[in-house]
Amino acid sequence: MQSKYNAHEIEPKVRAYWNEKRSFRAEEIPGQRKYYCLSMFPYPSGKLHMGHVRNYTIGDALSRYHRMRGYNVLQPMGWDAFGLPAENAAMANGVPPAQWTYDNIAYMKKQLQSLGFAIDWERELATCKPDYYRWNQWLFLRMLEKGLVYKKTGTVNWDPVDQTVLANEQVIDGRGWRTGALVEKREIPMYYMAITQYADELLSALDTLPGWPERVKTMQANWIGKSYGVRFAFPYTLDGKAEKLWVFTTRADTIMGVSFCAVAAEHPLAAHAAQNNPKLAAFIDECKHGSVIEADMATMEKKGMPTGIHVDHPLTGAKVEVWVGNYVLMSYGDGAVMGVPAHDERDFHFAKVYGLPIPQVIAVDGKPFSTDAWQEWYADKEHGICVNSGKYDGLKYMQAVDAVAADLKAKGLGDKQVMWRLRDWGISRQRYWGTPIPLIHCSDCGAVPVPDNQLPVVLPEDCVPDGAGNPLNKRADFLDCTCPKCGKKARRETDTMDTFVDSSWYYTRFACADQKNSMVDARVKYWLPVDQYIGGIEHAILHLLYSRFWTKVMRDLGLVTLDEPFANLLTQGMVLNEIFFRKPESGRIVYYNPTEVDIAVDANGKRTGVTLRADGQPVESGGIGTMSKSKNNGVDPQSLIEEYGADTARLFMMFASPPEQTLEWSDSGVEGASRFLKRLWGFAHDQQAVIAAGLREHGATVAEGWKPALSAHADFRREIHTILKQADFDFAKFQFNTVVSAAMKILNAASAFAAAPPADAKTAGEWQRLITEATGILLRLLAPITPHIAHALWQDLGFGEDVLAAPWPAADAAALDADEVELVVQVNGKLRGSLRVAKSADRAEIERLAMQNANVQKHIAGQTVKKVVVVPGRLINVVV
RNA sequence: GCCGGGAUGGCGGAACUGGUAGACGCACCGGACUCAAAAUCCGGCGGUAGUAAUAUCGUGGGGGUUCGAUUCCCCCUCCCGGCACCA
C-alpha cells in the first residue's frame, strides 16, 4: 500500500476492476426489489460541464447507496443527440452534424467514465440512431391513426436566427429559448400532438406524485392552467347572415354588466370589419407587429378601436358594440371577450380610455361604487352579490354563474365549460438534424403515412447544412419516393420532429435498448417507473410534461402499464461561480474568469479588493451567477479531474451544498475535499497493522450489542455510532453534504482515538477492534460518494474484495446506550450549566442535582422557584 | 399582479417530532516543524464588556403562543424562481 494518496494511480485501477467484473451491468431479477435511478441524459454538446458532473454524481451516489442497501439497481446513460447546435457547428466547420455529434459522444463518454459512474453502458442509446428514432416515427403513426396527431396551418413562433418554428414553451419573454432572438409570427402548416386531450389527467395526476417537488408540480399546474367558466355567444347578423361571436368568461355572474365586446386583432371579425375601414386595418396591423415581449404586453397601455359591428346581448338583447382590443389574445379561448368594465380591471381601464359605460352589477357590503378609480373589491367573487341584474339580483357568485349558464343553455347560446391554457404541441421543425416525420406527399393521395414495414425513414448522415433552409430539400435520394397508396412518384416530407419528442420516452427504452422488433418489451414492466429521476429545474415544465404525456399515450396504446413515468424527482440546483468584470468607459463589458483574478483579504479574512493578475489593476465583482460562457465564470470539469482526480471532484460537489440548492464553486473548497481524502489515505496507511490485527482477531464487524470494557472505548464507539445513525438518516433524505460531514467527523474521531493506544495489553485488542469497526463504517459511508478510494482502501486493508458488495452499516443500538447522560441545566430558558447523571436517575434526583449547581444557585438566589421542567435525556429548566 | 421557495458568523452550510444556535468545511489568526517557504501538525475563531470565571446581545424586522422558538402562528421588508393582458 502506497504511503501517499495518489488518485491518478488508484482510480484507473479501480475502474479496471469494475470493467472486468462488469460490476454495473443490470439484469432483471424477479423478486429482488429494483431501483431505477436515472439522470437526465445529456445533449452531446462537446464536453461535460459542471452541471453534468453534479447531476451525475448525485445519481451515482444514490445508485451505489441503493445497491449497498440490497436493491437491484439500473443506472443507464444515453445521448439526446438530435438538435440545432450540431447544425450550427456544421455550418461553422463544414462537418456533417452526425460526425460532430458522434465525436462529441465519444469524448463525453470518456469523461463520464473517468468520473467512475456506475453506469450500465450496455444499455447506452443515442436518439440520432435509426434504431431509436424509428420508434418516434412508429408512435407518431399510431398517434396519427388515433387522431392524436393532426395537421393544421397555424400561426407559429418563428425564430429568425435559427430559421425554425418554436413551440410556445420554447418562447421565453417573446424570444427564442436558444437564440434569444425576437420571435416573429408566421403561418406554416405543421403537425400537432394533441396534448390537450390529456390536459385533465396531466393536471389531476400531479396529486399522485408525492415524490415530486411542490414547486415543479405548481409550475406544471400553472402551465396547464385550468379555468372553470362559461362559453357563450353574442348573436349578430352580418351581410344578412346570422353569426355568433363566442367568448369565454370565468365571471358569468357579471354578464348583466357587459358594455362592449373586444376581439383580438387576429380575430376573423376584426379582419372583416377592417376590409372597408383603413384606419382599423392600420390599427390591427400595429397590434400584430407591436412588441411581443409578454412582460411588456402585460403592462402595455390598453388600446382599442371600434369595428362598427354590433352584436346582441344573449340575455337582454341589447346592442353591444364590438371593439378590437390589443389586450385580447387570439390564442386563448375564442380570441374574444365580453367587456365588463365595472368588474374586470383591464375592461375598466379600457372603458375609461374610450368613455364606455361602466355599470355596476356586483356589490360588496354596501361599499360605495365609483367609476373614478378601480378598487380591488370590484372583482371580489368571494363576497360579491349581484345587483342591477334583474332576476339575478341577490345571488352569490356560484349561484349566479349557475343561473346564467342555465339560461344561456336554454337559449342554445352557451354552457359551462372548462378552458385550458395548455396548447397542443406543434412538433414540425424545418430542420435537418432530427427525426424525419414519416409521411409521403402524393399529388393524388395527399399526405400518406409511411407503412410500418418501410420504417425507419432514415435520415442521411452526410448532409452539411449551409444555413439556407433544410438541406433535405436538396437531397433527391431522400426526397424521391413512391406513394405507398397509388405507387405514383411522390415526395417525402422533409420536416423533422421537435427534439423534445426524442427525450419523451427514452427512459422506457433503457429497459430494453437492444430490442429490435418493438418500441418496448416486457422488461419495461420490471424496471419502470423510474424510481428516482434527477435533473435540472429548467426541465420542470417542457420535458417532464411531454414525458408524462407520452407515457399516457403509450399506456393507452397498450405499450406500457404505468400512468406516470417518474415516481420521484430530484431537481438539482445550478452550479454558480463569482463573476468578475471591467466596464471600460466606452465599449463592451469584459468578463474575467475567476482563475484570472487575485482576491486580497484583511487580517480577519474579509475581502478588501480584487485585482486582475495580469495587470494588478482592480476588477469589479458582479456577484454570483450560473456558470456560463457569456459571463466567463465557468470551470472546466476536465481540469478538475486531471488535477485532483474524480473522487475529489465528486466529494466537493456533494459536500458544498445539499443537492436541491445552488452550489457555489470554491477553489479552496476543492482543496479541502482533496485534503480530506489525503488524510483518509494517511490514516488508513498508518493503521494498516492495527486493522489487520483487528480483522484477524475479530472480523470486520462486531456483534450487535457488544460492549467495550473500558468506558473511554464505549464513549468512542457511541460517538461513531451516533454519527452513523445521523448519516444514515441524512442519506435517506439525500442530504449528502451532512453525510460527508459525518465521514469527516468519523475520521477526526478515529484519528484521535488511534493516536492514543492503551498501554495495557489486555485492552489493546478492544482498541484494535474499535478502530477496525470505525474504519469499516467510514469506508462504506464514503463508498457511494468517493467510490474509488473507498474501493481501494476496502481491499488494501483487507475488509473484503468489493465494498459495493458489503452490507450497508447499521448503527448498533447497544452502542448508543450510555450509563450516564449529560443534561443541560437552564434557568428561565437560559443555559446555566450542565450535569452528568446516571441514566437511571429519576426526576427527583435530577432536580436535586440541578439545584445543587453553583451557577444555578446564583441565578435563582432570592427568587421563588415556580416550576422545574425536566426533559428526560435532554435538559432541566428551572423557572423562577 | 398571482403562485412557489428563501433570509443563520468573514464564506459554503449544520441544528431529528420546539430543547446546549453556529456541527463539518473554507478563510483568517497564533504556535510547532524548517535556514526559509510550501506542505503537514497543534490551538483559537459570532458581537460587546472583562486578564479571567462570567455576563450580555445574537438566526432579515415587528408582535404572539410556550418553562423554552432558527423551528409554530400573525404582520412587514428584502431576495430567488415560475407564470403573466388567460378573460
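Chain letters run A, B, ... following the sequence lines, proteins first and then strands; every chain starts at 1.
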### Query
Among residues 823-831 of chain A, which contact RNA chain B at a heavy-atom distance under 4.0 Å?
Val824(A), Gln826(A), Lys830(A)
Nearest-angstrom distance from the residue atom [atom1] of [X] to [atom2] of [N]:
X         : N       : atom1 : atom2 : value
Gln735(A) : rA15(B) : CD    : P     : 5 Å
Leu835(A) : rU20(B) : CG    : C1'   : 13 Å
Leu875(A) : rU66(B) : CG    : C1'   : 14 Å
Tyr332(A) : rC85(B) : OH    : C1'   : 12 Å
Lys858(A) : rA53(B) : NZ    : P     : 12 Å
Asp686(A) : rC41(B) : CG    : P     : 11 Å
Glu578(A) : rG12(B) : CD    : C1'   : 13 Å
Glu719(A) : rA23(B) : CD    : P     : 15 Å

### Query
Atom CG in Leu202(A), atom CD in Gln220(A): separation rounded to 0.5 Å?
7.5 Å
When all nucleic acid strands are considered with a 4.0 Å heavy-atom cut-off, which category describes [X]: base, sugar-phosphate, or nothing?
X         : result
Thr662(A) : sugar-phosphate
Asp347(A) : nothing
Arg421(A) : base
Val337(A) : base
Val868(A) : nothing
Pro658(A) : sugar-phosphate

### Query
Out of Thr611(A), Val597(A), Asn633(A), which one pairs with Phe580(A) under the side chain to side chain contact (heavy atoms under 4.5 Å, CB included) rule?
Val597(A)
Enumerate, atom names and distances included, each donor-acceptor pair closer than 3.5 Å involving a side-chain atom of residues 653-662 of chain A, sequence neighbours excluded.
residue	atom	partner	partner atom	Å
Ser657(A)	OG	Arg54(A)	NH2	3.3
Ser657(A)	OG	Thr662(A)	O	2.9
Glu660(A)	OE1	Thr571(A)	OG1	3.2

From [options], nucleotide with atom closest to [X] side chain:
X         : options                   : result
Arg832(A) : rA55(B), rC85(B), rA84(B) : rA55(B)
Arg346(A) : rA55(B), rC86(B), rG13(B) : rC86(B)
Val871(A) : rC86(B), rG13(B), rG19(B) : rG19(B)
Gln661(A) : rG13(B), rC3(B), rA87(B)  : rG13(B)
Trp223(A) : rG82(B), rC83(B), rA15(B) : rC83(B)
Thr218(A) : rC3(B), rA87(B), rG19(B)  : rC3(B)
Arg423(A) : rC86(B), rG82(B), rA87(B) : rC86(B)
Val328(A) : rA87(B), rC67(B), rG82(B) : rA87(B)
His859(A) : rA55(B), rA87(B), rG19(B) : rA55(B)

Write down the distance separating the [atom1] atoms in [N] and [M], rounded off to the nearest Å.
N       : M       : atom1 : answer
rC75(B) : rG68(B) : P     : 23 Å
rA39(B) : rC33(B) : C1'   : 11 Å
rG18(B) : rU70(B) : P     : 13 Å
rG44(B) : rA38(B) : P     : 22 Å

#### Entry: Asn222(A) and Arg421(A): CA distance, side-chain angles, deciding distance, side-chain hydrogen bond (donor to acceptor under 3.5 Å, both in side chains) verdict
CA-CA 8 Å; Asn222(A) 286 343; Arg421(A) 208 195 74 101; over 6 Å; no
Ring centres of [X] and [Y] under 6.0 Å apart?
X         : Y         : result
Trp246(A) : Phe234(A) : no
Phe652(A) : Trp665(A) : yes
Trp425(A) : Tyr546(A) : yes

Determine all donor-acceptor pairs shorter than 3.5 Å in which one atom belongs to a side chain in residues 736-744 of chain A; sequence neighbours excluded.
residue	atom	partner	partner atom	Å
Thr738(A)	OG1	Asp730(A)	OD2	2.7
Thr738(A)	OG1	Gln735(A)	O	3.0
Thr738(A)	OG1	Gln735(A)	NE2	3.4

### Task
Represent RNA chain B in dot-bracket notation, 5' to 3'. Only Watson-Crick or G-U wobble pairs with both distances under 3.5 Å count; pseudoknot-style crossings use [ ] and interstrand partners use |.
(((((((..(((......[....))).(((((.......))))).((((....))))..(((((..]....))))))))))))....
Only pairs under 3.5 Å count here: list side-chain donor-acceptor contacts from residues 251-258 of chain A, not counting sequence neighbours, and write none if there are none.
residue	atom	partner	partner atom	Å
Arg251(A)	NE	Asp253(A)	OD1	3.0
Arg251(A)	NH1	Ala379(A)	O	3.1
Arg251(A)	NH2	Asp253(A)	OD2	2.9
Thr254(A)	OG1	Arg251(A)	O	2.8

### Task
Return yes if some donor-acceptor pair links the side-chain N/O of Asn877(A) with the main-chain N/O of Gly829(A) below 3.5 Å, else return no.
yes
### Query
On RNA chain B, nearest-nucleotide positions of Gly335(A) versus Lys867(A): which is more 5'?
Lys867(A)
### Task
For Glu214(A) and for Gly225(A), find the nucleotide of RNA chain B with the closest heavy atom, then tell me which residue's nucleotide is more 5'.
Glu214(A)
### Any donor-acceptor N/O pair under 3.5 Å between rC67(B) base and Asn877(A) side chain
yes
#### Entry: Asp207(A)/Lys217(A) salt bridge by N-O under 4.0 Å criterion
no
### Task
For the pair Asp728(A) and Lys725(A), find out whether any cationic side-chain nitrogen is under 4.0 Å from an anionic carboxylate oxygen.
no
### Query
For rA55(B), does either OP1 or OP2 sit under 4.0 Å from a side-chain N or O belonging to Asn855(A)?
yes
### Query
Which label fits rG63(B), syn or anti, where anti is any glycosidic angle not within 90° of 0?
anti
### Task
Give the intermediate values and the outcome of side-chain hydrogen bond (donor to acceptor under 3.5 Å, both in side chains) for residues Gln417(A) and Tyr228(A).
CA-CA 6 Å; Gln417(A) 190 173 327; Tyr228(A) 296 91; over 6 Å; no
### Task
Mind telling me whether Trp323(A) and Phe350(A) have parallel, tilted or perpendicular rings, with 30° and 60° as the class edges?
perpendicular
Are there any protein N/O atoms within less than 3.5 Å of an N/O atom in nucleotides 24-27 of chain B, and if so, which ones and at what distance?
residue	atom	partner	partner atom	Å
rC24(B)	O4'	Ser741(A)	OG	3.3
rG25(B)	OP1	Asn748(A)	ND2	3.2
rC26(B)	OP1	Arg675(A)	NH1	2.5
rC26(B)	O2'	Ser668(A)	OG	2.8

